Amino acid sequence: MSAPPIATEPRLRDAERSQAAILLAAREEFASFGLAGARVDRIAERAEVNKRLIYYYFGSKDDLFLAVLEQAYADIRNAEKQLHLLEMEPAAAVRRLTEFTWEYYLAHPEFITLLNSANLHLARHLEKSQRVQEMNSPLVQTLGDILERGRRDGLFRGGIDPVQLYISIAGIAYFYLSNNHTLSAIFGRDLMSHKARAERLSHMCDVILGYVLKD
């Protein structure tokens, strides 16, 4: 008599839930303490799992850090897809991407702190990730298509590199937020007040659109 089938689906669901809980706990831990200061014991406690399970699924703390970074990039790229930028007029699409990037960074401060930690370690984790490169390629393609459409319509100037443009969009949002404490102290302003944030977003849109639009 054959043995009864193994209930693989419930086990897979349990594994997926455990991995999701570990990634969420690890994101909070790495965002709070960085890679060097993060502790696997605390991650296990946050995720309510046995520490050995973390090593079973992810191998090491460094591998877990990479998994967290990959998930962070997957989250923002998936959110960008929901904007349906290719369905908008070119100038509106560039403005919306600029607005979205600012809004996303504000809503997800852990994304900025994770990137700070990754850069502190010279991106040696991300350099090993084919997945991150694959996730970013569609964004570059989308932005390139928008720029080309704007050029053909006589709205945008030609020769704009979509990678450089996206770095500019991300950079002017990222620097302001990652350095808001020092900048507020230096200039004697509360740069995170509602008024200051609104002024910053308006400035960002003016700068980016001023660059891509023809005179």
Side-chain angles (χ1 to χ4, degrees), residues 12 15-83 85 97-144 161-181:
L12 287 173
E16 290 171 355
R17 281 194 292 267
S18 294
Q19 291 177 52
I22 291 168
L23 282 173
L24 178 60
R27 182 179 67 186
E28 295 171 354
E29 179 74 7
F30 288 128
S32 297
F33 300 101
L35 174 60
R39 295 291 177 264
V40 175
D41 286 335
R42 286 197 299 257
I43 294 171
E45 185 177 351
R46 287 173 185 261
E48 299 181 344
V49 300
N50 189 294
K51 183 170 70 171
R52 287 177 295 180
L53 201 59
I54 295 176
Y55 292 114
Y56 175 77
Y57 285 131
F58 296 99
S60 69
K61 187 172 82 166
D62 281 88
D63 291 334
L64 178 57
F65 183 59
L66 173 56
V68 168
L69 291 174
E70 288 177 334
Q71 187 60 55
Y73 274 104
D75 288 344
I76 189 172
R77 298 290 90 92
N78 287 333
E80 285 164 347
K81 290 177 184 177
Q82 304 308 310
L83 300 176
L85 296 174
L97 180 60
T98 304
E99 292 170 343
F100 166 84
T101 302
W102 171 254
E103 292 161 359
Y104 192 91
Y105 289 177
L106 279 173
H108 300 275
E110 76 284 354
F111 185 73
I112 289 177
T113 54
L114 287 171
L115 293 190
N116 287 343
S117 187
N119 278 293
L120 185 64
H121 294 272
L122 306 180
R124 61 183 174 87
H125 301 84
L126 287 174
E127 285 178 345
K128 299 184 297 184
S129 175
Q130 183 67 32
R131 184 184 172 203
V132 166
Q133 294 181 18
E134 292 171 351
M135 282 188 289
N136 283 284
S137 293
L139 172 65
V140 174
Q141 182 63 52
T142 294
L143 191 51
D161 181 345
V163 172
Q164 289 286 5
L165 180 61
Y166 182 75
I167 290 173
S168 294
I169 292 171
I172 58 178
Y174 177 92
F175 184 86
Y176 183 99
L177 295 174
S178 65
N179 294 275
N180 78 84
H181 297 294

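Owing to the predicted nature of the structure, the values given are computational and were not obtained by experimental measurement.
Side-chain polar atoms of Asp75 and Gln71 form a donor-acceptor pair below 3.5 angstrom.
In this structure, Glu45 places its CD atom where only 12 or fewer heavy-atom neighbours from other residues, nucleotides or ligands lie under 6.0 Å away.
Note that CZ of Phe65 and CG of Leu35 are 5.0 Å apart. Values are rounded to the nearest 0.5 Å. Between the CD atom in Glu99 and the CD1 atom in Ile169 there is a gap of 11.0 Å [rounded to 0.5 Å]. Taking CH2 of Trp102 as the start and CG of Leu177 as the end, the distance is 4.0 Å to the nearest 0.5 Å. We find the CD1-CG distance between Ile43 and Leu64 to be 5.0 Å, quoted to the nearest 0.5 Å. Annotation: the span from Asn119 atom CG to Leu114 atom CG amounts to 11.5 Å, rounded to 0.5 Å. Atom CG of Leu139 and atom CG of Leu85 lie 8.0 Å apart (nearest 0.5 Å).
Annotation for Pro162 and Val140: closest pair CB-O, 3.8 Å, computed over non-hydrogen atoms. Closest approach of Phe58 and Asp63 over heavy atoms only: O-CB, 2.9 Å. Pairing each heavy atom of Phe100 with each of Glu80, the nearest pair is CE2-CG, 3.2 Å. The minimum heavy-atom distance between Ala173 and Tyr105, with the atom names listed, is CB-CD1, 3.7 Å. What you find for Ala74 and Arg131 is that their closest heavy atoms are CB-NH2, 3.8 Å.
Taking the salt bridge (Lys or Arg N to Asp or Glu O under 4.0 Å) definition, one finds that Asp62 meets it with Arg124, sequence neighbours left out. By the side-chain hydrogen bond (donor to acceptor under 3.5 Å, both in side chains) test, Arg46 is found to be paired with Glu28, Glu29, residues two or more places apart in sequence or in another chain being considered. Glu110 pairs by the side-chain hydrogen bond (donor to acceptor under 3.5 Å, both in side chains) definition with His108, not counting sequence neighbours. For Tyr73, the ring pair (Phe, Tyr, Trp, His ring centres under 6.0 Å) partners are Phe111, not counting sequence neighbours. Legend: residues meeting side-chain hydrogen bond (donor to acceptor under 3.5 Å, both in side chains) with Ser129, ordered by chain and number and at least two apart, are Glu70. For Ala47, the side-chain contact (heavy atoms from CB on, under 4.5 Å) criterion is met by Ala21, Ile22, Ala25, Val49, not counting sequence neighbours.
In terms of modelled atom types and a separation under 3.5 Å, the side chain of Lys61 and the main chain of Ala38 share a donor-acceptor contact. At distances below 3.5 Å, not a single donor-acceptor pair connects side-chain atoms of Ser117 with backbone N or O atoms of Thr113.
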Inset, instruction - Could you give me the CA-CA distance, side-chain angles and deciding distance for Met135 and Val132, then say whether side chain to side chain contact (heavy atoms under 4.5 Å, CB included) is met? - result: CA-CA 5 Å; Met135 282 188 289; Val132 166; 4.0 Å; yes

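Taking the six-membered ring where tryptophan is involved, the planes of His121 and His125 are perpendicular, since the angle between them exceeds 60° and thus also 30°.
When side chains are defined from C-beta on, Arg39 does not count as touching Lys51, because their heavy atoms never get closer than 4.5 Å. Residues Phe30 and Leu69 fail the side-chain proximity criterion, which asks for heavy atoms closer than 4.5 Å. Side-chain contact between Asn50 and Tyr56: absent, with no pair of heavy atoms (C-beta onward) separated by less than 4.5 Å.
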